[in-house]
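In each ligand, atom 1 is the first atom listed, and ligand 1 is the first ligand listed.
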Amino acid sequence: MVSTHPAGVQDSGSKYLPQIQNNQIETSPNQELLPLTASINSKDHLAIGGCDVPELVQQFGSPLYIVDEATLRAACRQYRDSFQRYYQGESQVLYASKAWSCLAICAIAHQEGLGIDVVSGGELHTALAAGVSPSKIYFHGNNKSREELVLAITSQVNIVVDNWYELETLVKIASPSQPVRILLRLTPGIECHTHEYIRTGHLDSKFGFDPNQLDEVFTFVSKQSFLNCVGVHAHIGSQIFERQPHRDLAAVMVQWLTKASTYGLNITELNVGGGLGIKYTESDDPPSIEEWVKPICEVIQNACAEANVTLPKLLSEPGRSLVATSCVTAYTVGSSKEIPEIRNYIAVDGGMSDNPRPITYQSIYRAVIANKMSAPCTETVTVAGKHCESGDIVIKNAQLPKTQSGDILVVMATGAYNYSMASNYNRVPRPAAVLVADGEANTILRRETYADLLRQDCLPEKLKA
Ligand code: LLP
């Protein structure tokens, strides 16, 4: 994006607008910082989905998650179309709903033809309530409870079995009238460069069967009458920019598939997990959705041709790259503090309770001032949250225009693992979320009220005044 300011003056918020605007070619959402429909309107305000962002805040309150329907649908479509283009067999994209599980987002993914990956009874309940067909729901998790497994079985969803304990529990629950469709999660022993908390494919991981136990697991499963083992699954981590780890994974998984056939197992589904990274800052350069999908398809097709095995149904389960860029969080700027020669702070009306990623993973975000989009970024300020914790910093050393209280600060790419990891720390109610499209905004998550905060509280009789 070309700066509209003279040389020597810093860029403005406009530099974050999607690279290709008013153009037929749709970029890959995960390579943008702002949603695809973002623009600057005649008031010099940020607009998303045809809605003026400061006006949305006025109408729906602050902080506010704003989800751009067009961007979310574009990401779903790009995944679906890329698999259809590059894979000669059947494919199914699943939305990893841990990134943001709520009715509206599950319903959009479902409308776009995606299935849903769930990791808890709560996410399963949400996907079912959103109208997703059970055959397109895949239930993950390294310690599913018996109750969760029973719910999964009676709902007739697919279960991705993580370990021996789960396998043995399933054997006890399954019956002729309740056969269970399972996939096996295996640890591929593949290293990738990402934060240690979000790596999962290395051998020292809490997830999945150890690959050394492959023979034992296949032998056990092949003897079970009511467990119908149809697939293998692996997930190597999240926010990954390299493409080689997923190529390696695809090759390893075809080996598992051929091995399984020697045990009489008819493995027809291969699930490569998710993990494609997104752009959080200008220097992040992830591959596009298409660039991620293509090599995976090629490796699987080549390996299957070489091994002379039928192409399996290919599943993938992206979360972050599907939903992150479609959403921004709008906050209102309140207090500020200048510490001469040290740091200038501005504080917003949210923080670690609506976005715990900076304090948890030291994640870096970018922001704009939605009511001053063309103002040059002349200040370096640290954006603090409102929680009683020094580490509650939304953005360290943000480059922003001169701000004042009442300005609307918009943090970009907050659709993944923000709301889903939000808390009520300090009894701060969770923000509302709105879905914007064609100049219209609809609430998809109601703002929590103080009454909501007390809803689960019980006051024993003896404590009543
Ligand atoms: N499949 C499995 C089995 C997973 O464990 C995950 C993410 C995904 C799919 C989706 O991965 P994605 O496409 O979103 O990278 N809270 C962390 C991320 C944790 C990811 C957990 N598993 C964060 O905020 O970065």
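A salt bridge is defined here as a Lys NZ or Arg NE, NH1 or NH2 lying under 4.0 Å from an Asp or Glu carboxylate O, and Arg366 with Glu282 meets this definition.
The ring of Trp164 has its center closer than 6.0 angstrom to the ring center of Phe209. If you look at His233 and His140, their ring centroids are closer than 6.0 Å.
Heavy atoms of Tyr361 found under 4.0 angstrom from ligand 1 belong exclusively to the side chain. Of all the heavy atoms of His235, the ones lying under 4.0 Å from any atom of ligand 1 belong exclusively to the side chain.
Ring geometry for Trp292 against Phe83 counts as perpendicular: the plane angle is over 60°, on a 0 to 90° scale with 30° as the lower cut.
Considering backbone and side-chain N/O of Gly275, one or more are found under 3.5 Å from N/O of ligand 1. Where the criterion is an N or O separation shorter than 3.5 Å, residue side chain and backbone included, Arg185 fails it with respect to ligand 1. At a 3.5 angstrom cut-off on N or O pairs, Ser238 counts as close to ligand 1. Of the polar atoms of His233, none of the N or O atoms is found under 3.5 Å from an N or O of ligand 1, judged by distance alone.
Heavy-atom proximity to Arg320, at under 4.0 Å, picks out these atoms of ligand 1: 12 (P), 13 (O), 14 (O), 18 (C), 23 (C), 25 (O). Residue Gly319 approaches ligand 1 through these ligand atoms, each under 4.0 Å from one of its heavy atoms: 10 (C), 12 (P), 13 (O), 14 (O). Per-residue contacts place Asp117 under 4.0 angstrom from the following atoms of ligand 1 (heavy atoms of the residue considered): 1 (N), 9 (C). The contact set between ligand 1 and Pro318, taken as ligand atoms under 4.0 Å from a residue heavy atom, comprises 13 (O). Atoms of ligand 1 found under 4.0 Å from any heavy atom of Ala96 (numbered from 1 in listed order, with element): 8 (C), 9 (C), 10 (C).
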Exercise answer: donor-acceptor pairs, residues 130-138 side-chain atoms, under 3.5 Å, sequence neighbours excluded:
unit_1	atom_1	unit_2	atom_2	d
Lys136	NZ	Gly113	O	3.4
Tyr138	OH	Glu269	OE1	2.9
Tyr138	OH	Glu269	OE2	3.4

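In this structure, His246 contributes its side chain and Gly274 its backbone to a donor-acceptor pair below 3.5 Å.
Checking Glu290, Glu298, Glu291 one by one against Lys294, the salt bridge (charged side-chain N to carboxylate O under 4.0 Å, His left out) holds for a single residue, Glu298.
Counting only residues at least two apart or in different chains, side chain to side chain donor-acceptor pair (under 3.5 Å) contacts with residues 61-73 comprise Thr37-Asp68, Ser62-Thr332, Ser62-Asp349, Asp68-Thr71, Glu69-Arg73, Arg73-Gln111, Arg73-Glu112.
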